[in-house]
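Not measured: the values here are computed from a predicted model.
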Amino acid sequence: MEPNVTVADIERFAATDLPFCATFGISCEAVGDGEATARFRYDPKFIRPPDFVCGPVMMALADAALYFAIFTRLGIVPLALTNELTTSFLRPARDTDLLGRARLLKLGRRVAVGTVDITADGDPTRPIAHSLGSYVLPDEHTTRPPT
């Protein structure tokens with residue numbers, strides 16, 4: 001099944017409605033049916049000692065990727081809200097862009113649940129972090145049509 005949004009649709013929405021994406025250097029990289037990939041562009045201002053990408057950035061990446069994955073099924077749903085996000089950090093990330101690959105596990109009437117695997121760009125077989133999250137969906141999935 002074709003996704004209900006394009007990368008360009010999500011990027012336009014993020015530019016106007018998600019200022020945290022610009023702050024953290026997060027963008028939408030790819031979409032598929034119930035799946036989305038978000039990218040964190042490495043920036044040394046987001047490292048912690050000794051030289052690791054900080055956890056809050058990886059959690060923001062996971063959260064954005066899962067939000068984007070919901071859009072692939074429902075269209076842009078601005079009022080879908082993070083309900084829960086659990087992240088396990090598996091190894092450090094250094095000096096590299098990160099990719100968060102989200103996959104929906106369940107899309108119900110009121111709740112969406114999915115996972116996100118975070119890897120270094122160019123090294124998809126060695127996960128850096130893994131997240132499980134859920135979103136509360138607004139009544140009747142109030143969407144914004146792509147512009």
Side-chain angles (χ1 to χ4, degrees), residues 1-43 46 48 52-94 96-147:
M1 189 160 46
E2 288 294 312
N4 284 328
V5 293
T6 65
V7 169
D9 295 333
I10 292 173
E11 284 293 287
R12 277 191 297 276
F13 172 71
T16 59
D17 291 72
L18 304 175
F20 80 90
C21 285
T23 298
F24 288 128
I26 294 172
S27 60
C28 184
E29 184 91 351
V31 295
D33 180 31
E35 299 179 347
T37 300
R39 174 182 293 272
F40 160 72
R41 285 180 194 77
Y42 176 79
D43 186 329
F46 296 114
R48 58 161 306 218
F52 301 155
V53 175
C54 68
V57 165
M58 287 188 265
M59 292 179 78
L61 177 63
D63 191 44
L66 189 51
Y67 194 38
F68 300 160
I70 292 167
F71 296 169
T72 70
R73 292 271 179 89
L74 300 178
I76 294 176
V77 185
L79 295 180
L81 301 173
T82 308
N83 181 55
E84 183 176 25
L85 184 67
T86 303
T87 302
S88 297
F89 300 100
L90 306 173
R91 65 185 184 89
R94 293 184 171 136
T96 185
D97 284 10
L98 300 178
L99 297 175
R101 290 179 177 88
R103 182 174 58 92
L104 290 179
L105 299 175
K106 177 185 167 76
L107 182 62
R109 207 173 49 77
R110 297 288 295 151
V111 175
V113 178
T115 62
V116 182
D117 290 313
I118 296 175
T119 60
D121 188 20
D123 192 4
T125 62
R126 295 183 60 214
I128 291 170
H130 177 81
S131 297
L132 173 66
S134 64
Y135 268 73
V136 175
L137 304 174
D139 290 335
E140 301 175 22
H141 305 303
T142 307
T143 64
R144 179 181 301 169
T147 55

For this session: Would you please say whether a donor-acceptor pair under 3.5 Å links the side chains of Thr119 and Arg101?
Result: yes
Problem set entry | Side-chain ion pair, Asp123 and Arg91, N-O less than 4.0 Å | yes
Exercise. What are the two closest heavy atoms between Leu98 and Val53, and how far apart are they?
Worked result: CD1-CG1, 4.0 Å
Exercise. Is any side-chain heavy atom of Leu85 less than 4.5 Å from a side-chain heavy atom of Leu132?
Worked result: no
Exercise. Are Tyr135 and Leu66 close enough that some pair of their side-chain heavy atoms sits under 4.5 Å apart?
Worked result: yes
Exercise. Leu137 pairs by side-chain contact (heavy atoms from CB on, under 4.5 Å) with which of Leu81, Asn83, Leu107?
Worked result: Leu107
For this session: Flag the pair Asp139 and Arg110 as a salt bridge only when some basic side-chain nitrogen lies within less than 4.0 angstrom of an acidic carboxylate oxygen.
Result: yes
Exercise. For the side chain of Thr72 and the backbone of Gly34, is there at least one donor-acceptor N/O pair under 3.5 Å apart?
Worked result: yes
Problem set entry | Closest non-hydrogen atom pair between Ile118 and Ala62, with its separation | CD1-CB, 4.2 Å
For this session: Indicate whether any N or O donor in one side chain lies under 3.5 Å from an N or O acceptor in the other, for Thr82 and Asp63.
Result: yes
Exercise. Is the distance between the ring centroids of Phe40 and Phe24 under 6.0 Å?
Worked result: no
Problem set entry | Atom of Cys28, atom of Glu11 and distance for their closest heavy-atom approach | N-OE2, 2.7 Å
For this session: Heavy atoms only: give me the nearest Ala65-Gly100 pair and the separation to one decimal.
Result: CB-O, 3.5 Å
For this session: State which residue, out of Ile10, Asn4, Thr6, fulfils the side-chain contact (heavy atoms from CB on, under 4.5 Å) condition with Val31.
Result: Ile10
For this session: Assess whether side chain to side chain contact (heavy atoms under 4.5 Å, CB included) is satisfied between Arg41 and Ser27, documenting all intermediate values.
Result: CA-CA 8 Å; Arg41 285 180 194 77; Ser27 60; 3.1 Å; yes
For this session: Can you see which heavy atom on Ala120 is nearest to which on Ile128, and at what distance?
Result: N-CD1, 3.5 Å
Exercise. Are side-chain heavy atoms of His130 and Thr115 found at a separation under 4.5 Å?
Worked result: yes
Problem set entry | Close side-chain approach of Leu104 and Glu35, heavy atoms under 4.5 Å | no
Exercise. Any side-chain heavy atom of Val77 within less than 4.5 Å of one from Pro138?
Worked result: yes
Exercise. Would Met58 and Phe46 count as a side chain to side chain contact (heavy atoms under 4.5 Å, CB included) if you check the C-alpha gap in whole Å, the side-chain angles of each, and the deciding distance to 0.1 Å?
Worked result: CA-CA 10 Å; Met58 287 188 265; Phe46 296 114; over 6 Å; no
Problem set entry | Interatomic distance, Met1 atom CE to Asp33 atom CG [nearest 0.5 angstrom] | 4.0 Å
Exercise. Roughly how far, to the nearest 0.5 Å, is CG of Asp121 from OG1 of Thr96?
Worked result: 5.5 Å
For this session: Report yes if the side chains of Cys21 and Phe68 come closer than 4.5 Å at any heavy-atom pair, otherwise no.
Result: yes
For this session: Work out which heavy atom in Gly75 is nearest to a heavy atom in Val5; give both atom names and the distance.
Result: CA-CG1, 3.9 Å
Problem set entry | Candidate pair Asp97 and Arg39, rule salt bridge (charged side-chain N to carboxylate O under 4.0 Å, His left out), full reasoning | CA-CA 7 Å; Asp97 284 10; Arg39 174 182 293 272; 2.9 Å; yes
For this session: Look at the aromatic rings of Phe13 and Phe71 and report parallel, tilted or perpendicular, splitting at 30° and 60°.
Result: perpendicular
